[in-house]
Each structure stands twice: as C-alpha cells, then as structure tokens.
K.L.:
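Sharing a structure here in structure tokens format.
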There are 2 protein chains.
Amino acid sequence: MHKRYTVQDIAKRAGVTAATVSMALNNKQGVSAETKQRIVRIANELGYIPNISARALVQQRTYTLGLFIPSSPSAFLDSYFSNILRGITEVATKAGYLVSIVYEDSVHEHLTYRVDGLILTELKGRDPYVDLFRKFKIPFVSMGKVNDTLPSVDIDTQGGIMQAVKYLVSLGHRKIGFIAGPPKYHYVVNRYRSFKKALHAHGLPLEADWMSVAPNSRAGGRQAVVRLLKRVRGAPTAFLVCTDLMTVGVIDGLKDLGLDVPHDVSVIGFDDAPYAELVQPPLTTIRQDVYLSGKYAARMLIDTLEGKQSTVSVTLPVRLVRRKSTSTANDSKIYT
Amino acid sequence: MHKRYTVQDIAKRAGVTAATVSMALNNKQGVSAETKQRIVRIANELGYIPNISARALVQQRTYTLGLFIPSSPSAFLDSYFSNILRGITEVATKAGYLVSIVYEDSVHEHLTYRVDGLILTELKGRDPYVDLFRKFKIPFVSMGKVNDTLPSVDIDTQGGIMQAVKYLVSLGHRKIGFIAGPPKYHYVVNRYRSFKKALHAHGLPLEADWMSVAPNSRAGGRQAVVRLLKRVRGAPTAFLVCTDLMTVGVIDGLKDLGLDVPHDVSVIGFDDAPYAELVQPPLTTIRQDVYLSGKYAARMLIDTLEGKQSTVSVTLPVRLVRRKSTSTANDSKIYT
DNA sequence: TTGTATGCGTTATCAA
DNA sequence: TTGATAACGCATACAA
C-alpha cells in the first residue's frame, strides 16, 4: 500500500498540530468550524485511516468484540454460528469494531488486551466462564438468559412452545411427550420448563415417563424416543423435541419402531435449522432468528462499552413454522 | 481484572531493565540463562500478558488474521464457515494470532492496521478484491486456487470427480449429465472442467445438452434439472451436481417429473454438507474436509507473515461417500 | 550480557 | 480555539 498517512501528515498540510487534527477527526468540541472542515478535507484526500493500535494503546481499548464459542459447540452442525456472526459483524463494523473468535481453549490468551467485550454462546448451568469474565471485569452479553441481572439476548421460548402445544392440541393431541438435550445447557432447561407451563395452561397431564434425555445429536434423538416408547404404555401421540437436529433422530427412532411421522406420531422441533425443510417429512418447528439475535447482542455490547445506557436484556419473538411432521392425533397404532 | 502488569513491573522486580525483559520473554539472544530464568519466573508469577496494542504499534503488525467473506456468501446455508473458522482459529490461536471476520462491505475499514493478512473465500472469476489486496500488499491465502502463482489451499476436485464418474460407470451409467452453479465462481468452473476430463478419461460422450446452469440453491437445482429434461431426448441416467444444496433441488425436480432417485436416475453431490445424510435419499457425494483446509490456510498465512518459507499451494484430498442417491443404471423410464 | 535512548501514532492534559 | 508536551507499553539500535 502506498503510504500510510498519520495525524502528523495531516497536521503539517493543514498548518495545525496533531492534537487539533485528532480533536477535529473525533468530533470533539473546541475546534473551529473552518479548521475542522479543512482537516477533514485533507484527511479524505489523503485517504487517512487511523492506526487502531496507537489509539488502543492510549485509550486502553482494542475496539474489537469477541464471540466466545465453547470448544465442542453442540450447535456446530448447523448454521447457528454463521448467522450469529453475520448479525454481530454487521453492526460491529458499522460502529468501527472488529469481531474476533474466541474459543474456550484460548480464553486466557485473549482476555487481556485483545477484546473489549464478549458475546457468549451456549452457556451451561453453572458456567465457570461467567464467573471468570465477571472477575476480570470484562463486559459481556449472553445469548440466552443466564439470570435476571446479567445482560442477555434471549428468545421467547415460552411463547414459541405455547404456540406449538396449542397447535398440537388443536390437532387433537392430548398426550404430548418431550425429548430433551443435555440439561446442563440453559436453553435445554428453558425449553423444558416452558413445555411444562404450556401443558399446564392447556390442562394437559405431565407424565414424567413421557420425557427422555439424550445428547443433542441425531443419534441422541433416535435413542431417546426408542427408550421412551419401550418402557411406557399409553404413549404420547406427539413429541416436542429440544432441537431440530434431535428431531431428525426422533423420526428415525419412530420409524425403527414401525411408527410413521406424522401419521402415527407428530413431532415438532426447535430452531428451524437450514435442513428442517430438507428432511422427510419437512419439520414443523419453532423458528428463531439467530441473525437478528446477533445484531441485538452486538448493539447492546457496544452500547455498554461506550458508556451508553443499554437495555440489560431483550427477548426476541419466535414463531411456529408448520410443515409436514405434524397431523391430527391418531391413537390406534400406538395403543397396540 | 486485578492489575495489568507491564515489562516495567517485571524489570523492577528482576532488578534489570525493560529492554532485557523484552528480550528474555521473546527468546532473543543475548540474555544470560540465569536472568532469563528469573525474568520468566516473575512474569509467570505476576501472570504477565503482553499488551498486544503496544507491540503492534512498534512492530507495525496486529497479530490478527482476517477471514474475508463475501457479503452474500452462497455457502452460507451450510456449515462451511463454521468449519473453516474452527480450523483457522485453532492454528491461529496456538501461534498467538487472533482471527477476525472481514465482510466485503467493510474491507476498506479493516484493511489497514487491523489485520496482517487475509484468508479469502468464494472467489469469483475476475475478483476485484484480489487486485485490491495485491495493490495494498496485504498477504493472503485463497481457499481454492486462483492461478498458479497466488497462494491457495485447494481440494483435489479432479480426483474426486474422477472417483464419482468411475463409480457411476461401474454402476452401468454411460450417459451422465452435469448441473452447475453460477459460472462466475472459480469452484464451479473447476468442477465442470474436472467433469469433462473425467468423461473423456472414460471415453464417455459429452453432450452440451446434458448440462444446465442455475443459482446455487435448492430451487436452482430443481429448475435446472427440469429444464434440462424437458428439452432433451435420450436423457442422462445420472447427474453430477455442483453442490449438495443443488442436489437436494435436483431430487425435487426429478420427483416433479415422476422420476425416482436412485431408481430411475442417480445423482452425486459435492461437499458432504451436514444435511447430505439427512435428506431422502441420503446423498452420495464428494466429501471435502473444510476444517482441515482452514488449518492449512492459517498455517500458510502465518508462515508467510513470519517470513518463513511457505508452500505456495496445497491440494487436499477428497473422497466419494456412497449413500443412497446412486444405483445401477436404468434406462427404461427415462426413454419413454 | 545488560543498560540507555528512542520511536511507533494516537489521545489527553494543560498552558497559551 | 490552538499548541506544546507527555503518556500508553513495547521493541530495537546502539552504547557500555
């Protein structure tokens, strides 16, 4: 690249000093309109770009946001991170921030001097990192609520699951089971709790037997539903499943047992992953807009970094997408 | 965070000067073993972490790698970026580098002072950015070969497609068509060229009519195959498709025409996207290891940044994954 | 083998 | 409203 101009270069040409240039370019008060105009013009002509490192050094800030990702993210298979990253990066860029990836393994190296704040994903129940970040006083926003005091971007899990259960009830289902992922994750227990509330709201029974836990994977879903149906009599005619990924496995498992989706059993997933409409049958699922979540998270984090008043938490809407994995209740087959 | 120690702090405690500390910590020659040992010990005790901004300022380097992503990446639906990012970040972190995301829209802001080098994805035919980066003298490694002189990490497209065609031939197919994505992308023309070569190697005819171009999307695949089969007589019994995503659409389109995959027509995809084994039928496809590609790219870029001898390009193997979208040739239906 | 001096480019403080 | 000066933390050239 040709030459990298500095405030000095601009100062010289504008017949002022570097300090004035700095003030002018940063819209500080105390610079006359004319000189400011002149300085800005010269800066543009020269294609001046400030040296972030120098600014960072004096201001003790890096102007970069970190996206914190657990080492073995369970959501890696789908496009969760692509989307969240796009949302974050879009608003961060506009605000002059860079977005960096921080993996669990390397938190310590990056904690100091590399990022001004973090956006946290896939938090676990008692997450040691939350404590670490608080101790280090590094600002963060969590994707998914941790507790009521910590800043977070959450989705309306409750509302989404309420829609799903309501829809199942409208199809005649009264016995609804739940297939859960690992309960160490916040989002998993949130989804389960919401499920319980939704059942209650509809006056439906909650049978402990109708719940099954497994890893968040296709194999997990399969295994969970097979185990459940083998041990239970008077089984559910419908299942709410923790994630779309597990839902695919649940459909496998049902098929193993000679049960057809949606003819014999209805299933509803969560997330609306890209493959949700690709699989057979296309999944009825609760869609969340991860891209939008990313934008909110970045906005909130940047606001707090810049000392602006920021909402401590937002809850974004979700909506039920009706596809082919659900139909009217049909007890005949299950009861044999 | 408690206190951030500097080289000064260490120097004071070690009874030496900051310069010596710097040299010791960076393994430069000219520091006695004892003092070096002492300095290192103190640094560890204090939990010293160097201030990257200060270092960057003096060395004119940022110690961050940029992953350059087009604004509307066609591969966004699948986990391409998640995987590549993971590969890049793993090796970058170990080498002390941070990885940042650079979107097309914001290249200019980030070009200077924010990244030391770039890893390029989804390059187009005459990519203006390549010229820009060369003009700015910013080192880069491209995912997918641009030309013979520019550093790149590529996959053995030729080998993979050869395997695929060979497999189809072994199943009795002699009339093989090709469904292509937008020819502005390098990878698309690479795949098509390899296809032509593979046909030639097996003495198979290449009919211009058996090729169809469409956007890299599910709808694109569907549309491409339907158009092709409507205008052509004596149609192919098998298709090679540019991406798994389009392959899903091709299967849709075939079904529209009353054709079953794999009974009537065989199809082979490319990439082995996460959903490749989730769809019906599970796709036979050419698998590439994007994660590994990311690791190589990061390694190469860091080597060049640090002045080490680096390979200008590597070609990683791919392999044919046989699933259910292919079977023995069956002309009966098509010919009616 | 170690110390001294200097500069990287910016912002901030204070004086003019 | 502007200028002079210092400081951020580190690395390096050169002197001791």
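Below, read A as the first sequence line, B as the second, and so on, with proteins coming before strands; counting in each chain starts at 1.
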K.L.:
Is any side-chain nitrogen or oxygen of Thr20(B) closer than 4.0 Å to OP1 or OP2 of dT2(C)?
P.N.:
no
K.L.:
Mind calculating the distance between CZ (Arg55(B)) and C1' (dC8(C)) to the nearest angstrom?
P.N.:
14 Å
K.L.:
Return whichever of Leu57(B) or Met23(B) has its heavy-atom-nearest nucleotide of DNA chain D closer to the 5' end.
P.N.:
Leu57(B)
K.L.:
For Lys36(B), which contact category applies under a 4.0 Å heavy-atom criterion: base, sugar-phosphate, or nothing?
P.N.:
nothing
K.L.:
If I take atom OH in residue Tyr5(A) and atom P in nucleotide dT10(C), what distance separates them, rounded to the nearest angstrom?
P.N.:
14 Å
K.L.:
So if I take every side-chain heavy atom of Asn26(B) and compare against dT10(C), dA11(D), dC10(D), which nucleotide ends up nearest?
P.N.:
dA11(D)
K.L.:
Using whole Å, what does the distance between atom C1' of nucleotide dG9(D) and atom CD of Gln59(B) come to?
P.N.:
12 Å
K.L.:
Taking CZ from Arg61(A) and P from dA7(D), how many angstroms apart are they, rounded to a whole number?
P.N.:
23 Å
K.L.:
Tell me whether the NZ or CZ atom of Arg55(A) lies within the 45° cone about the ring axis of Tyr63(A) and under 6.0 Å from its centre.
P.N.:
yes
K.L.:
Provide, to the nearest angstrom, the distance between the CD atom belonging to Gln29(A) and the P atom belonging to dT2(D).
P.N.:
14 Å
K.L.:
Please give, in whole Å, the distance from dT2(C) P to Glu34(B) CD?
P.N.:
8 Å
K.L.:
Under a 4.0 Å N-O cut-off, is there an ion pair linking Asp303(B) with Arg299(B)?
P.N.:
yes
K.L.:
Would the number of heavy atoms belonging to other residues, nucleotides or ligands and lying under 6.0 Å from OH of Tyr296(B) be above 12?
P.N.:
no
K.L.:
Could you give the CG-to-P distance, from Asn51(B) to dA11(D), as a whole number of Å?
P.N.:
10 Å
K.L.:
Which part of the nucleic acid does Gln8(A) contact within heavy-atom distance under 4.0 Å: base, sugar-phosphate only, or nothing?
P.N.:
base
K.L.:
Ring centres under 6.0 Å, that's the criterion: do Phe133(B) and Phe68(B) meet it?
P.N.:
yes
K.L.:
OP1 or OP2 of dT11(C) versus the side-chain N and O atoms of Lys28(A): is any pair under 4.0 Å?
P.N.:
no
K.L.:
Closest nucleotide of DNA chain C for Ser32(B) versus for Tyr113(B): which of these residues is on the 5' side?
P.N.:
Ser32(B)
K.L.:
Can you tell me how far P of dG9(C) sits from OH of Tyr63(A), to the nearest Å?
P.N.:
18 Å
K.L.:
For the side chain of Val58(A), counting heavy atoms from C-beta on, which of dT2(D), dG9(D), dT11(C) is nearest?
P.N.:
dT11(C)
K.L.:
Is there a side-chain contact between Ser22(B) and the phosphate of dA11(D), meaning an N or O under 4.0 Å from OP1 or OP2?
P.N.:
yes
K.L.:
Within the structure shown, what part of the strands sits under 4.0 Å from Thr35(A) by heavy-atom distance: base, sugar-phosphate, or nothing?
P.N.:
sugar-phosphate
K.L.:
Any salt bridge linking Glu45(B) with Arg41(B)? Criterion: basic side-chain nitrogen under 4.0 Å from a carboxylate oxygen.
P.N.:
yes
K.L.:
On DNA chain C, does the nearest nucleotide to Arg38(B) precede the nearest nucleotide to Ala54(A) from the 5' side, or the other way round? Give the residue.
P.N.:
Arg38(B)
K.L.:
Nearest to the side chain of Val16(B), heavy atoms from C-beta on, is which of dG9(D), dT2(D), dG3(C)?
P.N.:
dG3(C)
